Amino acid sequence: MDMTAGLPAATEQRSLPGDFAIWIFIYAELLVFGVFFLAYAFARSHNVELFDAQQRFLDRNTGAINTLVLITSSFLVVRAVNAIRRDAAAVCARWLTAAIACGGIFVALKLGEFHAKFAAGVTLSTNTFYMFYLSLTFFHFMHVLMGMVILAVVAVKARRGAYSAASHTGVETGASYWHMVDLVWIVLFPLVYVMH
Amino acid sequence: MKADAATRRADVTALGVWLALCGLTVATWLVGQAGVGGAAVVAALMLSVLVKGQMVVDFYMGLKRVRGPWRWVVTGWLVAVLTLIGVAYWLGGH
């Protein structure tokens, strides 16, 4: 029996993907990050020389690699959602596991970056630039960790057959959160690592 | 079967979006490596972020075909944040 018969296809979706509550959470998170980004930008406008000088000490290569890693993880999550819409739960779980692995790469690279800064004696009170750099990137880092936990729970449930083409709100909910984490980093990378 | 075909098409779209996002990210990194700045560079980077963000919103978050204001809320967030970042950089000299 084709469980997908009569269901709206991926490209015909008209309602929000996932649980409605996650979207309230996502919009609230975007608001918080938005305020954070603007605080950074306007603080920079009063300390241009300091921000531009300190930005040169950031590891831009790692920042770019982490952007590619998060973008790739988002692509893998899309594949997972499309797989469950085809009723392929095991395939969905595999795509999610690959996305979590990308999250692990991001975490490892970010920890390396934090370690290098702390080893160089950088703290939140070093200067205004590093106060923003450390707090902004650590705040985002915590969201990556939370997203990995959410994806792991969804992957385990998918492997156990908890989702199907007819019922996969949980997969879409986890996916939506992960894409928000990706979206925020897409703004953060050029703002903090590149623009001057 | 109809859903199968649609999700296969969505897979192809997602791959195209991924390639575009990677390309724009590499371009951003190259700008950083070149060490260039100024109003035109900031504007180009903000435009690049807007394009990347909108692609994530439309094709990864799946808001492109969602009814209601949900897509425009996120697009509005992107436009407002990027515009104000541009204003802040302009106030800072460039």
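Please read these numbers as outputs of a predicted model, since none were measured by experiment. Chain naming here is simple, since letters A, B, ... match the order of the sequence lines and numbering starts at 1 in each. All values below come from the heavy atoms of this structure, side chains included, with hydrogens, waters and symmetry mates left out.
- Of the atoms belonging to A/Phe51, not a single heavy atom falls under 4.5 Å from chain B.
- A/Leu38 and B/Val87 fall within a single hydrophobic cluster, where Ile, Leu, Val, Met, Phe, Trp and Tyr side chains are chained together by heavy-atom contacts under 4.5 Å.
- Of the residues considered (B/Leu21, B/Thr13, B/Val26, B/Val17), B/Leu21 shows the highest number of contacts with chain A, using heavy-atom pairs under 4.5 Å.
- Contacts between B/Trp29 and chain A at a heavy-atom distance below 4.5 Å involve backbone atoms as well as side-chain atoms.
- Taking CG of A/Asn66 as the start and OG1 of B/Thr25 as the end, the distance is 11.5 Å to the nearest 0.5 Å.
- Nearest heavy-atom pair across B/Val66 and A/Pro17 is CG2-CD, 4.0 Å.
- Note that the OG1 atom of A/Thr72 and the CH2 atom of B/Trp18 stand 5.0 Å from one another [nearest 0.5 Å].
- Taking all atoms of both residues into account, the shortest heavy-atom contact from A/Val78 to B/Ala14 is CG1-CB, 3.6 Å.
- Only the side chain of B/Leu78 comes within less than 4.5 Å of a heavy atom in chain A; its backbone stays farther off.
- To the nearest 0.5 Å, atoms OG1 (B/Thr28) and CZ (A/Phe189) are separated by 6.5 Å.
- Cluster annotation: A/Ile100 and A/Leu111 are assigned to the same hydrophobic cluster (Ile/Leu/Val/Met/Phe/Trp/Tyr, side-chain heavy-atom contacts under 4.5 Å, transitive).
- Contact annotation for B/Val57: only side-chain heavy atoms (C-beta onward) come within less than 4.5 Å of a heavy atom of chain A.
- Side-chain contact between A/Leu183 and B/Val74: present, with at least one pair of heavy atoms (C-beta onward) separated by less than 4.5 Å.
- With rounding to the nearest 0.5 angstrom, the CH2 atom of B/Trp77 is 10.0 Å from the CG atom of A/Leu31.
- Looking at B/Leu45, only its side chain comes within 4.5 Å of chain A, counting heavy atoms on both sides.
- Distance check: B/Leu50 CG to A/Ile186 CD1 gives 11.5 Å after rounding to the nearest 0.5 Å.
- Interface remark: A/Asn47 contributes no atoms to any contact with chain B (heavy atom separation under 4.5 Å).
- Within the 6.0 Å centre-distance limit, the rings of A/Phe20 and B/Trp70 are counted as a close aromatic pair.
- Side-chain N or O atoms of A/His196 include none that pairs as donor or acceptor with a backbone N or O of B/Val42 at under 3.5 Å.
- Ranked by heavy-atom pairs shorter than 4.5 Å toward chain B, the options A/Ile71, A/Asn61, A/Val35 are led by A/Ile71.
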- Task: Check step by step if side-chain contact (heavy atoms from CB on, under 4.5 Å) holds for B/Met61 and A/Leu16.
- Result: CA-CA 9 Å; B/Met61 286 180 150; A/Leu16 278 171; over 6 Å; no
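- Here the side chains of A/Pro190 and B/Val31 are not in contact, with every heavy-atom distance at 4.5 Å or above.
- For the side-chain contact (heavy atoms from CB on, under 4.5 Å) test with B/Lys52, the passing option among A/Asp182, A/Thr67, A/Val187 is A/Thr67; the others fail.
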- Test A/His179 against B/Phe59 for side-chain contact (heavy atoms from CB on, under 4.5 Å), laying out the working first. CA-CA 10 Å; A/His179 295 316; B/Phe59 301 106; over 6 Å; no
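- Contact of the A/Arg86 side chain with the B/Asp11 side chain is registered, since non-hydrogen atoms from C-beta on lie closer than 4.5 Å.
- Closest approach of B/Leu91 and A/Phe42 over heavy atoms only: CD1-CE2, 3.8 Å.
- B/Val56 touches chain A through its side chain: at least one heavy atom from C-beta onward sits under 4.5 Å away, while N, CA, C and O do not.
- Using a distance-only test at 3.5 Å, with no hydrogens or angles considered, a donor-acceptor pair links the side chain of A/Arg60 to the main chain of B/Gly32.
- At a threshold of 4.5 Å between non-hydrogen side-chain atoms, the residues B/Tyr60 and A/Trp178 do not count as touching.
- For a residue to count as touching a neighbouring chain, one of its non-hydrogen atoms must lie under 4.5 Å from one of that chain's; by this rule A/Tyr27 touches chain B with the side chain only.
- Only the side chain of B/Leu63 comes within less than 4.5 Å of a heavy atom of chain A; its backbone N, CA, C and O stay farther away.
- By the 4.5 Å heavy-atom criterion applied to side chains, B/Gln33 and A/Val194 are not counted as neighbours.
- In this structure, A/Val48 and B/Gly92 approach most closely via the heavy-atom pair CG2-O, 3.1 Å.
- If you measure heavy-atom distances from A/Tyr40 to chain B, the contacts under 4.5 Å come from the side chain alone.
- A/Leu68 and A/Leu70 are members of different hydrophobic clusters when ILVMFWY side chains are connected at heavy-atom separations under 4.5 Å.
- Taking all atoms of both residues into account, the shortest heavy-atom contact from B/Ala88 to A/Ser45 is O-CB, 3.3 Å.
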